[in-house]
Participant: 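Once you've had a glance at the structure underneath, I'll fire off some questions.
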Amino acid sequence: QVQLVESGGGLVQAGGSLRLSCAPSGRTFRSNVMGWFRQASGKEREFVAAITWSDGRTWYADSVKDRFTISRDNAKNTGSLQMNSLESEDTAVYYCAAAPFLSSRTTDYVYWGQGTQVTVSS
């Protein structure tokens, strides 16, 4: 069973930064794409960013473009989401996920982490 584990969430003031990480636990695993999604209380899960492991192509939601940076470390088999200029609207549970191709749709992602809470205070 493949499991993804997120880390790095927490409480930060508006304008601050956080860095989330994602790594698989259990057996060695790597999909073609790593994605980040978030779900605020009472709202649907939404796409944040995605990256291909092979050539580092990225895709961002408009709401985070120019503030968030997704990256991957092939040697360590880990992915990260650097979040700068955080706003209260960024408060949510953040999930990393794995997909066979680049996509922004939750239904295309096969494996998911348990999520990590990010809270931005204004």
Side-chain angles (χ1 to χ4, degrees):
Q1 179 72 15
V2 174
Q3 191 169 7
L4 302 176
V5 180
E6 303 97 338
S7 61
L11 173 65
V12 65
Q13 289 188 332
S17 299
L18 279 176
R19 186 178 182 88
L20 306 182
S21 296
C22 176
S25 67
R27 66 178 176 89
T28 300
F29 167 80
R30 180 185 292 177
S31 64
N32 292 325
V33 170
M34 179 190 71
W36 286 94
F37 291 76
R38 67 187 182 186
Q39 187 166 18
S41 180
K43 295 186 177 181
E44 292 187 354
R45 193 169 298 188
E46 65 175 5
F47 172 74
V48 174
I51 188 168
T52 57
W53 283 100
S54 59
D55 58 5
R57 281 179 294 144
T58 58
W59 188 359
Y60 294 93
D62 288 343
S63 59
V64 306
K65 200 174 297 183
D66 298 328
R67 297 189 300 123
F68 290 11
T69 302
I70 190 171
S71 61
R72 88 281 191 230
D73 185 328
N74 287 320
K76 296 180 179 179
N77 200 28
T78 58
S80 297
L81 183 69
Q82 177 67 41
M83 306 184 294
N84 298 328
S85 301
L86 283 162
E87 305 166 351
S88 57
E89 291 78 14
D90 296 316
T91 295
V93 176
Y94 284 71
Y95 299 88
C96 72
F101 53 86
L102 199 58
S103 172
S104 64
R105 300 187 304 181
T106 57
T107 52
D108 289 330
Y109 285 77
V110 179
Y111 299 105
W112 292 82
Q114 81 290 349
T116 185
Q117 177 70 45
V118 171
T119 302
V120 183
S121 63
S122 57

Participant: For the residue pair S103 and V33, establish whether any side-chain heavy-atom pair is separated by less than 4.5 Å.
Facilitator: no
Participant: Going hydrophobic residue to hydrophobic residue with side-chain gaps under 4.5 angstrom, can you get from F47 over to I51?
Facilitator: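 No, F47 and I51 fall in different hydrophobic clusters.
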Participant: For Y109, which residues count as a ring pair (Phe, Tyr, Trp, His ring centres under 6.0 Å) partner, sequence neighbours excluded?
Facilitator: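 Result, ring pair (Phe, Tyr, Trp, His ring centres under 6.0 Å) vs Y109: F37.
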Participant: Report the C-alpha separation of N74 and W53 in whole Å, then their side-chain angles, then the decisive distance to 0.1 Å, and conclude whether the side-chain contact (heavy atoms from CB on, under 4.5 Å) test is met.
Facilitator: CA-CA 7 Å; N74 287 320; W53 283 100; 3.1 Å; yes
Participant: What distance separates C22 SG from E6 CD, expressed to the nearest 0.5 Å?
Facilitator: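 Separation between the atoms: 5.5 Å.
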Participant: Hey, what do you get for CG (L86) to OG (S121), rounding to the nearest 0.5 Å?
Facilitator: 10.0 Å
Participant: Is there a donor in the side chain of S80 and an acceptor in the side chain of Q82, or the other way round, less than 3.5 Å apart?
Facilitator: no
Participant: Taking a hydrophobic cluster as the set of Ile, Leu, Val, Met, Phe, Trp and Tyr residues connected by side-chain heavy atoms closer than 4.5 Å, whether directly or through intermediates, do M83 and V12 fall within one such cluster?
Facilitator: yes
Participant: Do you know which two heavy atoms are closest between A99 and D108, and how far apart they sit?
Facilitator: CB-O, 3.5 Å
Participant: Could you report the tightest heavy-atom contact between G9 and V118, atom names first, then the distance?
Facilitator: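 For G9 versus V118, the nearest heavy atoms are CA-CG2, 4.2 Å.
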Participant: When you compare the side chain of T78 with that of S21, does any pair of heavy atoms fall below 4.5 Å?
Facilitator: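 They are not in contact (no side-chain heavy atoms under 4.5 Å apart), so the answer is no.
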Participant: What residues form a side chain to side chain contact (heavy atoms under 4.5 Å, CB included) with S54, not counting sequence neighbours?
Facilitator: T52
Participant: Could you go through residues 89-98 and list every donor-acceptor pair under 3.5 Å that involves a side-chain atom there, pairing it with any protein atom two or more places apart or in another chain?
Facilitator:
unit_1: D90; atom_1: OD1; unit_2: R38; atom_2: NH1; d: 2.9
unit_1: D90; atom_1: OD1; unit_2: R67; atom_2: NH2; d: 3.0
unit_1: D90; atom_1: OD2; unit_2: R67; atom_2: NH1; d: 2.8
unit_1: D90; atom_1: OD2; unit_2: R67; atom_2: NH2; d: 3.4
unit_1: D90; atom_1: OD2; unit_2: E87; atom_2: N; d: 2.8
unit_1: T91; atom_1: OG1; unit_2: S88; atom_2: O; d: 3.1
unit_1: T91; atom_1: OG1; unit_2: V120; atom_2: N; d: 2.9
unit_1: T91; atom_1: OG1; unit_2: V120; atom_2: O; d: 3.4
unit_1: Y94; atom_1: OH; unit_2: R38; atom_2: NH1; d: 3.0
unit_1: Y94; atom_1: OH; unit_2: D90; atom_2: O; d: 2.6

Participant: How long is the span from the CZ atom in R57 to the CD1 atom in I70, to the nearest 0.5 Å?
Facilitator: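 That separation rounds to 12.5 Å.
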Participant: To check you understand the geometry: which heavy-atom pair defines the closest contact between V110 and P100, and what is its length?
Facilitator: CG2-CD, 4.1 Å
Participant: With a 4.5 Å cut-off on side-chain heavy atoms, are S71 and R19 touching?
Facilitator: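 Yes. Closest side-chain heavy atoms under 4.5 Å.
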Participant: Could you check if a side-chain atom of D66 sits within less than 4.5 angstrom of a side-chain atom of Y60, using non-hydrogen atoms only?
Facilitator: no
Participant: What about F68 and W36, are their ring centers closer than 6.0 Å?
Facilitator: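 For F68 and W36, the ring centres are not under 6.0 Å apart.
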